[in-house]
Novice: 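Okay, handing you the structure first.
All values below come from the heavy atoms of this structure, side chains included, with hydrogens, waters and symmetry mates left out.
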Amino acid sequence: MASRFSGALQLTNLDDFITPSQECIKPVEIKKNKSKPGSKIKIQDDGSYAEVLEGGPLTKLTKVEITLADCLACSGCITSAESVLVTQQSQEELLKVFKDKIEKQKAGDENVKFIVVSLSIQPILSLAERYKLTPEEAALHLTGYFKSMGADMVLDMTVAEDLSLVESAKEFVERYKAAKEGSKNQLPMLASSCPGWVCYAEKTHGNFILPYISVTKSPQQIMGSLVKYHLADVQGLSPEQVYHVTLMPCYDKKLEASREDFYNSLKETRDVDCVITSIELEQMLTQQDKSLQDFDKGEIEKPFKTMELENSGVLLGHQGSGSGGYADFIFHYAAKYLFQVTDAKLEYKSLRNPDFQEAVLEKDGQVLLKFAIANGFRNIQNLVQKLKRGKSPYDYVEVMACPTGCLNGGAQIRPQDGTQPRELALKLENEYHQLPKSDPEKNQAVADLYKTWLEGENSDKANAYLHTQYHEIEKMNVALSIKW
């Protein structure tokens, strides 16, 4: 089975990731056998391995286990086997959590997890196309499905997306002003919501590229903070009592959720406990011999106030790309607050390929801002090389590892009718643009959260819950390296 990590984490068709390194820095304790030589390895009927000593009994061998945390601490490869994913990031683990909750409830055990599921818009559109539903119908049936499994709450992620856009825009304005005052490594500001791109940057280009990357958390991780440290408190729970699941369009989001930066060691809990992708959810339904519409529609709960829009429906998108509209929102925000241009028109033109586009803000014949969207590993490499040569003309770049962006994420459901993935992505993009639009600056929930929960836009609490940091991962060679 081919991997569905993004192209930035893969090597052509080898299904190895990051670099062709064959060294793993995971230390392994090698236990020397004091018995006589001449042992053999035998494969058991259940697929396990056993050591057979001459004249002795069978000794079952334990498997070497490598977690995502190990891989993220390594500058080498992530192995091609998808079993490298930690068990907490699998559909099997999610089903186990649901089953465990139901069994405890039947037994009268009150020590059960409060399960919250957050739905991202891209997989909703993918599943809607797969099961021939409208996006709203797909969202409601998904809610019913998760509720039937044992979820306590199912949420959409509009508020987290809006918070991420607003924080990114504010960060850009601050960086732009600092750059004009002579501060280095401020521009271009590079988007940080794609974990595949961030992981590649940390492991391949390190401290050269990291200062350019936005420190605003992705919507997934902001949603994690909202669920574990705001919603949990409202429900009278502590963070570790909440099990938070997100539905995402790519496996790279599992890498993001597994970062140590998003782990609370005091509470021993992650902001996002489990990431399930579009294609994994399809597999879960197939294993149950069910279709999405076989489940009753549920109600997506909105514990955070949302903006008032006529006929807004269940789902809200954003102006701009189907990856979240970062370039679009930040462009208009910067035009307004830096240059007092309130009617800026964002018109993209494709350069060498449709996955690299740029837009310019001009006033009185002067170029004020130059933005770009760079999707796909080839364009990312070109962008980095321009930066290294000091020839990048951009102020901001929306960077996504997958060609055409998140709607074509590596774990989105592949076309069922033989069409090309890019064609399907363009179809989903059209569906996305037809959704009612959220305006982050007018979303009352955002204003309320800044004022109450975050204690002000520039408070330490806002900085902790909305921002993160990146780390250069140096190449290491140790004596205990494993040669694969």
Novice: So, the side chain of Ser164 versus the backbone of Ala160: is there a donor-acceptor pair under 3.5 Å, distance only?
Specialist: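 No; judged by distance alone, with no hydrogens or angles, the pair does not exist.
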
Novice: Nearest 0.5 Å please: distance from the NZ atom of Lys437 over to the CG atom of Asp439.
Specialist: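 CG of Asp439 is found 12.0 Å from NZ of Lys437.
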
Novice: Could you please spell out the steps behind the salt bridge (Lys or Arg N to Asp or Glu O under 4.0 Å) verdict for Lys177 and Glu174?
Specialist: CA-CA 5 Å; Lys177 291 177 178 177; Glu174 292 173 2; over 6 Å; no

Novice: Report the C-alpha distance between His471 and Glu202 in whole Å, list the side-chain angles of each, state the deciding distance to 0.1 Å, and finish with yes or no for side-chain hydrogen bond (donor to acceptor under 3.5 Å, both in side chains).
Specialist: CA-CA 6 Å; His471 322 277; Glu202 288 181 319; 5.1 Å; no

Novice: Taking salt bridge (Lys or Arg N to Asp or Glu O under 4.0 Å) as the test, write out the residues that go with Asp261, two or more places apart.
Specialist: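 Only Arg259 meet the salt bridge (Lys or Arg N to Asp or Glu O under 4.0 Å) criterion with Asp261.
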
Novice: Please tell me whether Lys228 and Thr269 have a donor and an acceptor in their side chains that are separated by less than 3.5 angstrom.
Specialist: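 A pair is found: one side chain offers a donor N or O, the other an acceptor, under 3.5 Å apart.
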
Novice: Is the gap between the ring centers of Tyr326 and His318 under 6.0 Å?
Specialist: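 So the answer is no for these two rings.
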
Novice: Go through Leu140 and Glu136 one step at a time and tell me if the side-chain contact (heavy atoms from CB on, under 4.5 Å) criterion holds.
Specialist: CA-CA 6 Å; Leu140 296 177; Glu136 183 171 316; 4.3 Å; yes

Novice: Would a distance-only check, ignoring hydrogens and angles, find a side-chain to backbone donor-acceptor pair under 3.5 Å from His433 to Gly320?
Specialist: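 A pair under 3.5 Å: yes.
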
Novice: Please check if the number of heavy atoms outside Glu299 that lie under 6.0 Å from its CD is greater than 12.
Specialist: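 Atom CD in Glu299 is not crowded, with 12 or fewer foreign heavy atoms closer than 6.0 Å.
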
Novice: Flag yes if more than 12 heavy atoms outside Lys363 fall under 6.0 Å of its NZ atom; otherwise flag no.
Specialist: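 It does: Lys363 NZ has more than 12 such atoms within range.
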
Novice: With a 6.0 Å cut-off (strictly less than), is the heavy-atom count around CD of Gln340, excluding the residue itself, greater than 12?
Specialist: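 Count over threshold, so yes.
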
Novice: Which residues pass the side chain to side chain contact (heavy atoms under 4.5 Å, CB included) test with Asn207, not counting sequence neighbours?
Specialist: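 For Asn207, the residues satisfying side chain to side chain contact (heavy atoms under 4.5 Å, CB included) (neighbours in sequence not counted) are Leu210, Glu472.
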
Novice: To the nearest 0.5 Å, what is the distance between OG1 (Thr404) and CD (Glu429)?
Specialist: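 Output value for this atom pair is 7.5 Å.
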
Novice: Under 3.5 Å, side chain of Ser459 to main-chain N/O of Gly456, donor-acceptor pair present?
Specialist: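 At least one qualifying donor-acceptor pair exists.
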
Novice: Is a side-chain N or O of Glu137 found less than 3.5 angstrom from the main chain of Thr134, in a donor-acceptor match?
Specialist: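 Checked: pair present.
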
Novice: On a heavy-atom basis, which atom in Val159 and which in Ala445 lie closest, and how many Å separate them?
Specialist: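 Shortest heavy-atom separation between Val159 and Ala445 comes out as CG2-CB, 3.9 Å.
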
Novice: How about NZ on Lys170, more than 12 heavy atoms from neighbouring residues, nucleotides or ligands closer than 6.0 Å, or not?
Specialist: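 Above 12, so yes.
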
Novice: Using the rule given for side-chain contact (heavy atoms from CB on, under 4.5 Å), can you reason through Ser321 versus Asp328, listing the C-alpha separation, both sets of side-chain angles and the distance that settles it, and then say yes or no?
Specialist: CA-CA 8 Å; Ser321 71; Asp328 190 285; over 6 Å; no

Novice: May I have the step-by-step check of salt bridge (Lys or Arg N to Asp or Glu O under 4.0 Å) for Glu171 and Arg175, ending in yes or no?
Specialist: CA-CA 6 Å; Glu171 181 186 352; Arg175 282 178 178 242; 3.1 Å; yes

Novice: Are Lys254 and Glu280 close enough, and set up right, to give a salt bridge (Lys or Arg N to Asp or Glu O under 4.0 Å), and what steps lead you there?
Specialist: CA-CA 12 Å; Lys254 295 174 184 278; Glu280 287 176 303; 3.0 Å; yes

Novice: Any chance NZ of Lys451 has more than 12 other-residue heavy atoms, nucleotides or ligands included, within less than 6.0 Å?
Specialist: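 Result for NZ/Lys451: open.
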
Novice: Where the side chain of Arg414 meets the backbone of Gln412, is there a donor-acceptor pair that is under 3.5 Å apart?
Specialist: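 It does hold such a pair.
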
Novice: Heavy-atom distance under 4.5 Å between the side chains of Leu125 and Leu407, does that happen here?
Specialist: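 Answer yes - side chains close enough.
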
Novice: Do the non-hydrogen side-chain atoms of Pro415 and Glu423 ever get within less than 4.5 Å of each other?
Specialist: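 They are not in contact (no side-chain heavy atoms under 4.5 Å apart), so the answer is no.
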
Novice: Using side chain to side chain contact (heavy atoms under 4.5 Å, CB included) as the criterion, list what pairs up with Asn379, not counting sequence neighbours.
Specialist: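 Asn379: side chain to side chain contact (heavy atoms under 4.5 Å, CB included) contacts with Asn353, Asp355, Phe356, Ala374, Asn382.
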
Novice: Any side-chain heavy atom of Ile124 sitting closer than 4.5 Å to one from Leu142?
Specialist: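 Yes, close enough: below the 4.5 Å cut-off.
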
Novice: Would you say the side chain of Lys113 lies within less than 4.5 Å of the side chain of Gln241, judging by non-hydrogen atoms?
Specialist: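 Of all side-chain heavy-atom pairs linking Lys113 with Gln241, none is under 4.5 Å.
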
Novice: Would you find more than 12 non-hydrogen atoms of other residues, nucleotides or ligands less than 6.0 Å from Lys345 atom NZ?
Specialist: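 No, NZ of Lys345 has 12 or fewer neighbouring heavy atoms, counting only those of other groups under 6.0 Å.
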
Novice: Can a salt bridge be assigned to the pair Glu362 and Lys370 using a cut-off of 4.0 Å between side-chain N and carboxylate O?
Specialist: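 No, Glu362 and Lys370 are not salt-bridged.
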
Novice: Identify, with sequence neighbours excluded, every residue that meets salt bridge (Lys or Arg N to Asp or Glu O under 4.0 Å) alongside Glu240.
Specialist: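 Scan of Glu240 (salt bridge (Lys or Arg N to Asp or Glu O under 4.0 Å), adjacent residues dropped) gives none.
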
Novice: Minimum heavy-atom separation for Gln122 and Gly324, please, with both atom names.
Specialist: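 Nearest heavy atoms, Gln122 then Gly324: NE2-N, 4.3 Å.
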
Novice: Would Ser438 and Asp162 count as a side-chain hydrogen bond (donor to acceptor under 3.5 Å, both in side chains) if you check the C-alpha gap in whole Å, the side-chain angles of each, and the deciding distance to 0.1 Å?
Specialist: CA-CA 8 Å; Ser438 174; Asp162 285 356; 2.6 Å; yes

Novice: To the nearest 0.5 Å, what is the distance between CG on Leu428 and CD on Glu431?
Specialist: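 Separation between the atoms: 7.5 Å.
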
Novice: Could you grab the distance from atom CD of Gln469 to atom NZ of Lys217, nearest 0.5 Å is fine?
Specialist: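 One finds 10.5 Å between CD of Gln469 and NZ of Lys217.
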
Novice: Does Lys302 reach the side chain of Thr158, with side-chain heavy atoms less than 4.5 Å apart?
Specialist: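 A side-chain contact is absent here, since even the closest heavy-atom pair is not under 4.5 Å.
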
Novice: Can you check whether Leu119's main-chain N or O pairs, donor with acceptor, with Asp156's side chain at less than 3.5 Å?
Specialist: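 No; judged by distance alone, with no hydrogens or angles, the pair does not exist.
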
Novice: Answer with yes or no whether the side chains of Ser218 and Glu256 bring together a donor and an acceptor at under 3.5 Å.
Specialist: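 Yes.
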
Novice: Provide the full list of ring-ring contact (aromatic ring centres under 6.0 Å, His included) pairs with a residue in residues 445-465, sequence neighbours left out, each pair given once.
Specialist: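 Output for this query lists Tyr229-Tyr465, His230-Trp453, Trp453-Tyr465.
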
Novice: Would you call the rings of Tyr176 and Phe339 parallel, tilted or perpendicular, where under 30° means parallel and over 60° means perpendicular?
Specialist: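 Geometry flag for Phe339 against Tyr176: perpendicular rings.
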
Novice: What is the distance from atom CG of Leu383 to atom NZ of Lys388, rounded to the nearest 0.5 Å?
Specialist: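 Rounded to the nearest 0.5 Å, the CG-NZ separation comes to 11.5 Å.
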
Novice: With distance as the sole test, does His244 use its side chain to make a donor-acceptor pair with the main-chain N or O of Asp273 at under 3.5 Å?
Specialist: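 Pair absent, no side-chain N/O of His244 close to backbone of Asp273.
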
Novice: Please step through side-chain contact (heavy atoms from CB on, under 4.5 Å) for the pair Ile213 and Ser192, ending with a clear verdict.
Specialist: CA-CA 6 Å; Ile213 301 178; Ser192 60; 3.6 Å; yes

Novice: Is there a side-chain contact between Asp395 and Phe172 (heavy atoms, below 4.5 Å)?
Specialist: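 Yes; the side chains approach each other to less than 4.5 Å.
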
Novice: Before you tell me yes or no, could you show the steps for Ile413 and Leu281 under side-chain contact (heavy atoms from CB on, under 4.5 Å), namely the whole-Å CA-CA distance, both residues' side-chain angles and the distance that decides it to 0.1 Å?
Specialist: CA-CA 10 Å; Ile413 298 171; Leu281 195 134; over 6 Å; no

Novice: Side chains of Val116 and Val245, heavy atoms from C-beta outward: is any pair under 4.5 Å?
Specialist: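 The answer is no, as the side chains (C-beta and beyond) never meet within the 4.5 Å cut-off.
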
Novice: Going by heavy atoms in the side chains, are Met248 and Met157 under 4.5 Å from each other?
Specialist: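 Heavy-atom side-chain distance check passes, below 4.5 Å.
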
Novice: Evaluate whether atom CD of Gln434 has more than 12 neighbouring non-hydrogen atoms of other residues, nucleotides or ligands under 6.0 angstrom away.
Specialist: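 Buried by this count: over 12 neighbours within 6.0 Å.
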
Novice: Can you name the closest pair of heavy atoms from Arg270 and Ala257 and give their distance?
Specialist: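 Where Arg270 meets Ala257 most closely, the heavy atoms are CD-O, 3.6 Å.
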
Novice: Determine which pairs satisfy ring-ring contact (aromatic ring centres under 6.0 Å, His included) with at least one residue from residues 113-142, sequence neighbours left out, and list them in order.
Specialist: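 As it turns out, there is no ring-ring contact (aromatic ring centres under 6.0 Å, His included) pair with a partner in residues 113-142 once direct neighbours are skipped.
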
Novice: Give, for atom CZ of Phe371 and atom CD of Glu358, the distance between the pair rounded to the nearest 0.5 Å.
Specialist: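 The distance works out to 12.5 Å.
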
